[in-house]
Colleague: 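Before we start, here is the structure in question, set down as structure tokens.
All residue numbers refer to positions in the sequence shown, counting from 1. Note that this is a predicted model, so its numbers are computed, not measured.
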Amino acid sequence: MSVKIVAVNSAPTVGVGVVVREYDEEEDKVGVEEMERRCEIGEGGKPSLVADLLGDPICRVRHFPSHIMLVAEYGNGREIVGVIRGCIKTVTRGNSLYVKLAYILGLRVAPSHRVLIIHKRRRLGIGKKLVQKLEEWCKKNGAEYVYMATDCTNEASINLFTRKCEYTKFRTPTMLVQPVHAHYKSLGSGIAIVQLNPKLAETLYRRAFANSEFFPKDIDKILSNKLNLGTFMALPKKFLPKWDPKTGILPPSFAIMSVWSTKQLFRLQVKGVSMLTYACCMASRVLDAWMPWMMLPSFPDVFRKFWVYFLYGLHMEGKNGPRLMKSLCAFAHNMGRDDDGCGAVVAEVGQRDPVREVIPHWRKLSMSEDLWCIKKLNYGSDEKCGLSDWLNSRPSSPLIFVDPRDV
């Protein structure tokens with residue numbers, strides 16, 4: 001299926017020497033890559049996590065059916081000083097109700113132009129102009145709401161969206177990160193893990209996440225995507241001979257999840273650490289490889305380019321659910337262990353989701369609150385359908401489905 005990119009009006013944005021237009025791969029690729037490299041340099045000698053988009057700046061939204069990327073130019077030299085990406089999808093807002101939702105990601109402004117002041121101390125406002133232009137595209141293509149995600153400590157991003165662009169702080173899911181060690185993890189005794197075909201996985205997900213928020217209507221496209229490594233179910237071995245997937249009847253206890261690989265999307269790399277930190281991390285890796293039976297919590301080699309496995313659709317039922325979910329996470333870890341270059345297994349779930357308490361992770365690498373901010377674009381759309389405003393309605397479920405394409 002071909003991916004359609006809906007065009008945006010490429011007329012210059014009114015502003016102080018700033019032009020916002022749609023990204024052109026032939027003209028802009030080199031300029032965007034150079035600008036993003038400048039954005040990733042750590043400040044004050046601090047370690048930084050840099051991303052290599054593998055020569056495809058639009059890769060992070062390419063897997064959405066409707067997506068766009070905008071660039072901001074400044075000056076006579078048409079220097080690229082900002083970039084933003086966006087997409088539109090249909091998701092649940094709870095109680096099996098669907099809404100057309102836009103997602104903003106990858107907003108970057110060149111460091112040299114973030115605080116540039118000209119003409120009577122007026123800022124360029126590049127970030128705000130990029131957001132506004134993208135919102136215009138979202139409205140034009142029928143999006144009713146738009147949201148973005150950021151680190152809860154990123155004050156600059158939070159201030160831009162909540163104060164200048166009128167977004168509302170909405171949800172705070174938890175991001176959990178488990179490093180991939182040199183040893184294998186035990187799956188536990190008496191547990192069977194089976195891979196589900198995409199059709200069965202779709203059926204289970206539509207049932208499990210019907211009342212959740214942000215569950216994508218096109219889950220079938222996600223499950224059949226080449227980046228999806230499969231959907232897996234853990235269940236007690238004693239139930240395996242009696243379970244027939246064709247009946248639609250589920251085992252009394254089970255856990256399911258899907259695994260999405262970023263290997264073909266981007267590579268990450270940690271730069272700027274001290275030699276002592278580097279030596280300690282690598283020593284733990286060597287010891288773990290030499291003595292795997294000790295199960296040492298070794299640190300992965302994140303100083304060379306690596307990718308991550310993103311776990312999504314995590315759901316468990318029955319009294320054995322927590323144990324089965326831990327087994328699934330260990331299974332995903334072992335998949336990463338066999339995929340040389342996979343540095344971490346990552347999951348993001350709602351604060352009140354029961355699976356949050358059983359997913360293995362390192363606290364120092366994880367994020368207890370990943371802030372999602374939202375804004376209503378088309379006023380009156382809810383009222384026409386007799387619905388309350390999503391921004392002011394209480395969640396109908398503790399579950400939040402995190403789309404792996406958002407990573």
Side-chain angles (χ1 to χ4, degrees), residues 174-197 200-201 204-205 207-209 223 228-245 249-261 284-285 287-300 308-340 342-350 352-366 398-399 402 404:
T174 299
M175 183 173 290
L176 305 170
V177 180
Q178 171 68 48
V180 173
H181 304 306
H183 64 268
Y184 291 100
K185 286 183 173 290
S186 172
L187 303 185
S189 61
I191 295 176
I193 295 180
V194 296
Q195 183 169 357
L196 307 180
N197 65 61
L200 177 57
L204 294 181
Y205 279 143
R207 193 206 74 167
F209 290 94
L223 295 172
N228 192 66
L229 302 184
T231 301
F232 304 92
M233 172 184 280
L235 67 161
K237 283 184 178 179
K238 62 182 180 181
F239 294 146
L240 189 57
K242 305 175 184 178
W243 178 54
D244 182 1
I249 301 174
L250 294 170
S253 290
F254 70 91
I256 58 172
M257 71 169 189
S258 296
V259 183
W260 181 274
S261 173
S284 74
R285 192 76 180 175
L287 286 174
D288 191 12
W290 284 354
M291 297 176 286
W293 63 89
M294 294 186 67
M295 301 291 181
L296 298 173
S298 60
F299 204 82
V308 302
Y309 281 178
F310 185 78
L311 311 183
Y312 69 98
L314 296 98
H315 180 71
M316 61 187 186
E317 293 185 15
K319 66 177 183 179
N320 294 316
R323 181 167 173 260
L324 296 170
M325 180 56 69
K326 289 181 180 179
S327 181
L328 273 184
C329 291
F331 177 79
H333 170 277
N334 294 345
M335 286 177 61
R337 163 65 179 78
D338 288 334
D339 190 357
D340 184 37
C342 179
V345 175
V346 182
E348 188 165 15
V349 296
R352 298 184 295 118
D353 192 328
V355 301
R356 178 179 182 268
E357 303 302 322
V358 300
I359 298 173
H361 62 280
W362 277 17
R363 185 174 298 178
K364 288 186 177 180
L365 300 180
S366 302
L399 306 183
V402 181

Colleague: Quick one: pull up NZ in Lys238 and OG in Ser253 and give me the separation to the nearest 0.5 Å.
Modeller: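 Answer for the NZ-OG pair, Lys238 versus Ser253, is 8.0 Å.
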Colleague: So how far is it from Met335 CE to Leu229 CG, rounded to the nearest 0.5 Å?
Modeller: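 Taking CE in Met335 and CG in Leu229, the distance rounds to 4.5 Å.
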Colleague: Is the backbone of His183 close enough, under 3.5 Å, to the side chain of Trp293 for a donor and an acceptor to pair up by distance?
Modeller: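 No; judged by distance alone, with no hydrogens or angles, the pair does not exist.
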Colleague: Would you say Arg352's side chain and Leu399's backbone share a donor-acceptor pair under 3.5 angstrom?
Modeller: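 Checking the backbone N and O of Leu399 against the side chain of Arg352, no donor-acceptor pair under 3.5 Å is found.
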Colleague: For Ser298, which residues count as a side chain to side chain donor-acceptor pair (under 3.5 Å) partner, sequence neighbours excluded?
Modeller: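 If we apply the side chain to side chain donor-acceptor pair (under 3.5 Å) test to Ser298, skipping adjacent residues, the hits are Asp288.
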Colleague: side-chain contact (heavy atoms from CB on, under 4.5 Å), that's the test. Do Arg323 and Ile191 meet it? Break it down for me.
Modeller: CA-CA 9 Å; Arg323 181 167 173 260; Ile191 295 176; 3.8 Å; yes
Colleague: Using a 4.5 Å cut-off on heavy atoms from C-beta on, say whether the side chain of Met233 contacts that of Leu204.
Modeller: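 Answer yes - side chains close enough.
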Colleague: Does Leu187 reach the side chain of Asn334, with side-chain heavy atoms less than 4.5 Å apart?
Modeller: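 Counting from C-beta outward, Leu187 and Asn334 do come under 4.5 Å.
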Colleague: Shortest non-hydrogen contact from Gln178 to Lys185?
Modeller: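 Looking at all heavy atoms of both residues, the closest pair is NE2-CE, 3.8 Å.
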Colleague: Leu223 and Asn228: which non-hydrogen atoms are nearest, and at how many Å?
Modeller: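 Heavy atoms only, the tightest pair is O-ND2, 3.3 Å.
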Colleague: What distance separates Met257 CE from Leu196 CG, expressed to the nearest 0.5 Å?
Modeller: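 Going from CE on Met257 over to CG on Leu196, the span is 11.0 Å.
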Colleague: Taking all non-hydrogen atoms of both residues into account, name the closest pair between Phe232 and Val259 and its distance.
Modeller: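 Heavy atoms only, the tightest pair is CE1-CG2, 4.0 Å.
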Colleague: For Met291, is the CE atom crowded, meaning more than 12 foreign heavy atoms sit under 6.0 Å from it?
Modeller: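 Correct, the count exceeds 12.
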Colleague: Can you confirm whether Pro236 sits close enough to Leu324 that some side-chain heavy atom of one is under 4.5 Å from a side-chain heavy atom of the other?
Modeller: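 When only atoms from C-beta onward are counted, Leu324 and Pro236 do touch, with a gap below 4.5 Å.
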Colleague: Minimum heavy-atom separation for Pro300 and Gly343, please, with both atom names.
Modeller: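 It is CG-O, 3.3 Å.
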Colleague: Quick check: closest heavy atoms across Pro245 and Leu200, and the distance to 0.1 Å?
Modeller: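 Smallest heavy-atom distance, with atoms named: CB-CD2, 3.6 Å.
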Colleague: Specify the closest pair of heavy atoms between Ala332 and Val345, including all atoms of both residues, with the distance to one decimal.
Modeller: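 Looks like O-CG2, 4.2 Å.
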Colleague: Measuring only between side-chain heavy atoms, which start at C-beta, is His333 closer than 4.5 Å to Val180?
Modeller: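 The answer is yes, as the side chains (C-beta and beyond) meet within the 4.5 Å cut-off.
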Colleague: To the nearest 0.5 Å, how far apart are CG in Leu311 and CG in Leu328?
Modeller: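 Between atom CG of Leu311 and atom CG of Leu328 there are 9.0 Å.
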Colleague: If I take atom OG1 from residue Thr174 and atom CG from residue Asp353, how far apart are they, to the nearest 0.5 angstrom?
Modeller: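 Here the rounded value is 9.5 Å.
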Colleague: Going by distance alone, is a donor N or O of one side chain under 3.5 Å from an acceptor N or O of the other, for Thr231 and Tyr205?
Modeller: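 No, Tyr205 and Thr231 have no side-chain donor paired with an acceptor closer than 3.5 Å.
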Colleague: Just verifying a value: how many Å separate Trp362 CH2 and Phe299 CZ, rounded to the nearest 0.5 Å?
Modeller: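 Reported value, rounded in 0.5 Å steps: 6.0 Å.
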